Amino acid sequence: MGNPKGEVQRRVLLLCGDYMEDYEAMVPFQALQAFGVSVDAVSPVKKAGDICATAITIQVESTDQANKESRGHNFTLNATFDDIEIDKYDGLVIPGGRSPEHLAMKASVVELARKFSDCRKPIAAICHGLLVLAPAGAVKGRKCTAVSTMKPGLVAAGAHWVEPDTLSVCVADDNLITGALGGKICASERRVLIIIGNYAEDYEVTVPYQTLKVLGCHVDVVCPKKKAGDTCPTAIRDLEGGQTYSEIRGHNFVLTADFESIDASSYDALVLPGGKAPEFLALKEDVIVLVKQFMEAGKPVASICHGLEILVAAGVLQGKKCTGYPGIKARVVSSGGTFVEADPIDRCVTDGNLVTAAAWHGQPELISQLMRLLDIRVSF
């Protein structure tokens with residue numbers, strides 16, 4: 001990773017709290033790093049190395065009912081809240097979830113938000129993250145949007161409410177952004193295919209998907225025997241000190257295309273997330289055929305963690321250096337590949353057109369390397 005020569009590296013602060021929404025924290029955290037931005041994740045009363053529990057929000061069909069929620073990943077902070085010097089940061093990101101309601105009660109957090117606002121530095125607030133900005137006076141007179149339940153409180157705080165017709169709506173008003181981040185993107189009209197199955201790892205699907213979408217790529221996510229609009233449940237895997245990873249249910253991921261209609265020749269790159277799904281995808285001949293077509297054409301292929309199981313089954317690792325979950329090492333070696341130990345856990349290895357990450361922790365570097373192979377550049 002890194003910025004082009006001659007450019008000053010940007011630095012962003014990510015304001016976290018227990019039970020912030022899982023995606024709304026990790027996607028900007030890893031995506032911005034992939035773009036060469038330094039990101040410090042902090043939470044009041046916590047230090048670098050401490051964790052914040054996250055929450056999985058599952059949308060319900062009825063718009064007048066509360067969403068379902070379950071426990072998400074453990075998010076490890078990389079900086080200490082009490083050490084923050086606002087002058088060193090170029091922007092602030094506030095994820096949603098349940099944490100903003102409690103963060104907004106802390107004078108130190110409100111003052112932090114007020115200083116960013118007064119300095120006119122970019123502030124991106126996702127969904128309930130606006131609850132932190134309201135008491136800081138940062139939404140008064142500003143256009144903003146979020147889930148509809150936020151409207152009364154924001155209007156009372158003086159905001160100009162923009163009704164969201166879809167959950168992907170983004171509103172920018174001066175330095176306040178509610179819903180998205182951006183920069184100058186070059187050569188981004190690429191087409192990327194992501195193949196998943198039931199219980200693919202939660203972050204390993206959504207972080208690449210949303211990051212590549214931000215870059216302007218057309219991204220299709222497919223699953224054998226399923227169509228656009230169908231869902232795949234995901235799995236949340238964490239390293240919590242046991243002999244292996246823990247696993248619980250994650251979000252429902254909505255597929256964007258029909259698997260049966262996929263033509264490998266119409267895509268520029270392939271991404272294979274890990275989780276439980278690859279073990280079964282590796283048994284499907286139509287998946288193996290697709291993988292071989294990408295590899296034989298020399299197109300970029302990115303594999304995360306257990307995604308290597310599909311590449312082993314496709315017989316395309318002969319002479320290739322790669323990394324992934326340590327438990328797959330023997331299979332990689334027996335298939336003719338060279339396994340690079342997954343230490344540290346955020347290790348990423350690039351060998352020709354193949355980019356592999358040991359786990360979701362290495363996705364910033366994996367996405368950065370995939371961008372290089374696709375000739376996508378971001379500058380700020």
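Everything quoted here is computed from the prediction, not taken from an experiment.
- At least one side-chain heavy atom of Lys151 sits under 4.5 Å from a side-chain heavy atom of Glu163.
- Of the residues His251, His128, Arg98, the one that meets the side-chain hydrogen bond (donor to acceptor under 3.5 Å, both in side chains) test with Glu21 is His251.
- Residues Phe35 and Val214 form a side-chain contact, since some pair of their non-hydrogen atoms from C-beta on lies under 4.5 Å apart.
- Looking at heavy atoms from C-beta onward, Cys127 lies out of side-chain contact with Met150 at the 4.5 angstrom threshold.
- Taking the six-membered ring where the residue is Trp, the centroids of Phe75 and Phe29 are separated by under 6.0 Å.
- The shortest side-chain heavy-atom distance between Ile328 and Arg331 falls under the 4.5 Å cut-off.
- A donor-acceptor pair under 3.5 Å is absent between the side-chain atoms of Thr54 and the main chain of Asn74, judged by distance alone.
- The two residues Arg71 and Ile56 make their nearest non-hydrogen contact at O-CG1, 3.6 Å.
- Linking Ile, Leu, Val, Met, Phe, Trp and Tyr whenever their side-chain heavy atoms come within less than 4.5 Å leaves Val340 and Leu354 in two separate clusters.
- For Ser335 (side chain) and Val332 (main-chain N/O), a donor-acceptor pair under 3.5 Å exists by modelled atom type.
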Checklist entry - Run the side chain to side chain contact (heavy atoms under 4.5 Å, CB included) check on Ile126 and Ile94 step by step: do they pass? => result CA-CA 6 Å; Ile126 309 168; Ile94 310 174; over 6 Å; no
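- Looking only at distances, no side-chain donor or acceptor of Ser368 sits under 3.5 Å from a matching main-chain atom of Pro364.
- Lys121 contributes a side-chain N or O that, together with a main-chain N or O of Tyr89, makes up a donor-acceptor pair within less than 3.5 Å.
- Not a single donor-acceptor pair under 3.5 Å links the side chain of Lys321 to the backbone N or O of Val349.
- In this structure, Leu255 and Ile196 have side chains that are in contact, with non-hydrogen atoms separated by less than 4.5 Å.
- A donor-acceptor pair under 3.5 Å is formed between the side chain of Ser334 and the backbone N or O of Ala330.
- Val271 is not listed as a side-chain neighbour of Leu193, based on a closest heavy-atom distance of 4.5 Å or more.
- In this structure, a donor-acceptor pair under 3.5 Å is present between the side chains of Thr234 and Asp202.
- Residue Ser108 holds its OG atom at 7.5 Å from CG of Asp82, rounded to the nearest 0.5 Å.
- Salt-bridge check for Arg11 with Asp40: passed, with a basic side-chain N closer than 4.0 Å to an acidic carboxylate O.
- One finds no salt bridge joining Asp118 and Arg120 here, because no Lys/Arg side-chain nitrogen approaches an Asp/Glu carboxylate oxygen to under 4.0 Å.
- Taken together through direct or relayed side-chain contacts under 4.5 Å among Ile, Leu, Val, Met, Phe, Trp and Tyr, Tyr203 and Ile51 form parts of separate hydrophobic clusters.
- Side-chain atoms of Thr356 never come within 3.5 Å of backbone atoms of Ser303 as a donor-acceptor pair (strictly under, hydrogens ignored).
- Salt bridge status for Lys329 with Glu341: present, with a side-chain N to carboxylate O gap under 4.0 Å.
- Side-chain atoms of Asp238 and His73 form no donor-acceptor pair, as typed in the model, at a separation below 3.5 Å.
- Annotation: Lys226, atom NZ; neighbour count of heavy atoms from other residues, nucleotides and ligands within 6.0 Å is above 12.
- At distances below 3.5 Å, not a single donor-acceptor pair connects side-chain atoms of Asp346 with backbone N or O atoms of Gly362.
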Checklist entry - Please walk me through it: do Phe259 and Lys227 pass side chain to side chain contact (heavy atoms under 4.5 Å, CB included)? => result CA-CA 6 Å; Phe259 183 86; Lys227 298 181 179 181; over 6 Å; no
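- Here the closest non-hydrogen pair linking Cys170 and Ile177 is SG-CG2, 4.0 Å.
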Checklist entry - So Trp360 and Glu201, side chain to side chain contact (heavy atoms under 4.5 Å, CB included) or not? Walk me through it. => result CA-CA 8 Å; Trp360 55 257; Glu201 212 290 327; 3.7 Å; yes
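- When all heavy atoms are compared, the tightest approach of Ile288 to Ala313 is CD1-CB, 3.8 Å.
- Across every non-hydrogen atom of Ala264 and Lys299, the tightest pair is O-NZ, 3.1 Å.
- By the rule that hydrophobic residues join a cluster once side-chain heavy atoms approach within less than 4.5 Å of another member, Val207 and Val12 end up as members of one cluster.
- Residue Ile123 holds its CD1 atom at 10.0 Å from CG of Leu130, rounded to the nearest 0.5 Å.
- Distance check: Asp258 CG to Cys223 SG gives 11.5 Å after rounding to the nearest 0.5 Å.
- We find the CD1-CD distance between Ile86 and Glu111 to be 7.5 Å, quoted to the nearest 0.5 Å.
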Next on the checklist: Using the rule given for ring pair (Phe, Tyr, Trp, His ring centres under 6.0 Å), can you reason through Tyr199 versus Phe280, listing the C-alpha separation, both sets of side-chain angles and the distance that settles it, and then say yes or no?
Outcome noted: CA-CA 10 Å; Tyr199 301 105; Phe280 300 93; 9.6 Å; no
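- Relative ring orientation between Tyr325 and His306 is described as parallel, the plane-to-plane angle staying below 30° on a 0-90° scale split at 30° and 60°.
- The main-chain N or O of Asp173 is found under 3.5 Å from a side-chain atom of Arg142 such that the two form a donor-acceptor pair.
- In this structure, a donor-acceptor pair under 3.5 Å is absent between the side chains of Gln30 and Thr211.
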Next on the checklist: Could you walk me through whether Glu204 and Cys305 satisfy the side chain to side chain contact (heavy atoms under 4.5 Å, CB included) test, starting with their C-alpha distance in whole Å, then the side-chain angles of each, then the deciding distance to 0.1 Å, before giving a yes or no?
Outcome noted: CA-CA 9 Å; Glu204 296 172 20; Cys305 200; 3.7 Å; yes
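- Cys52 contributes atom SG, which lies 12.0 Å from atom CG of Asp22 (distance to the nearest 0.5 angstrom).
- No single ILVMFWY cluster, assembled from side-chain heavy atoms under 4.5 Å apart, contains both Leu283 and Leu308.
- Residue pairs meeting the side-chain hydrogen bond (donor to acceptor under 3.5 Å, both in side chains) criterion with at least one member in residues 263-279, sequence neighbours excluded: Asp220-Tyr267, Glu247-Lys276, Asp263-Ser265.
- If you check the side chains of Ser99 and Tyr19, you find no donor sitting under 3.5 Å from an acceptor.
- Considering only heavy atoms from C-beta on, Phe81 comes within 4.5 Å of Leu112 through its side chain.
- In terms of hydrophobic clustering, with Ile, Leu, Val, Met, Phe, Trp and Tyr side chains grouped at heavy-atom distances under 4.5 Å, Leu176 and Val147 are assigned to a common cluster.
- Using a 4.5 Å cut-off on side-chain heavy atoms (C-beta onward), Leu77 and Val42 make no contact.
- Pairing each heavy atom of Ala134 with each of Val139, the nearest pair is CA-CG2, 4.0 Å.
- Closest heavy-atom contact between Glu24 and Pro28: O-CG, 3.1 Å.
- Judged purely by atom type and a 3.5 angstrom limit, Asn198 has no side-chain atom pairing as donor or acceptor with the backbone of Cys232.
- Taking CG of Leu212 as the reference point, atom CD1 of Ile376 lies at 6.5 Å (rounded to 0.5 Å).
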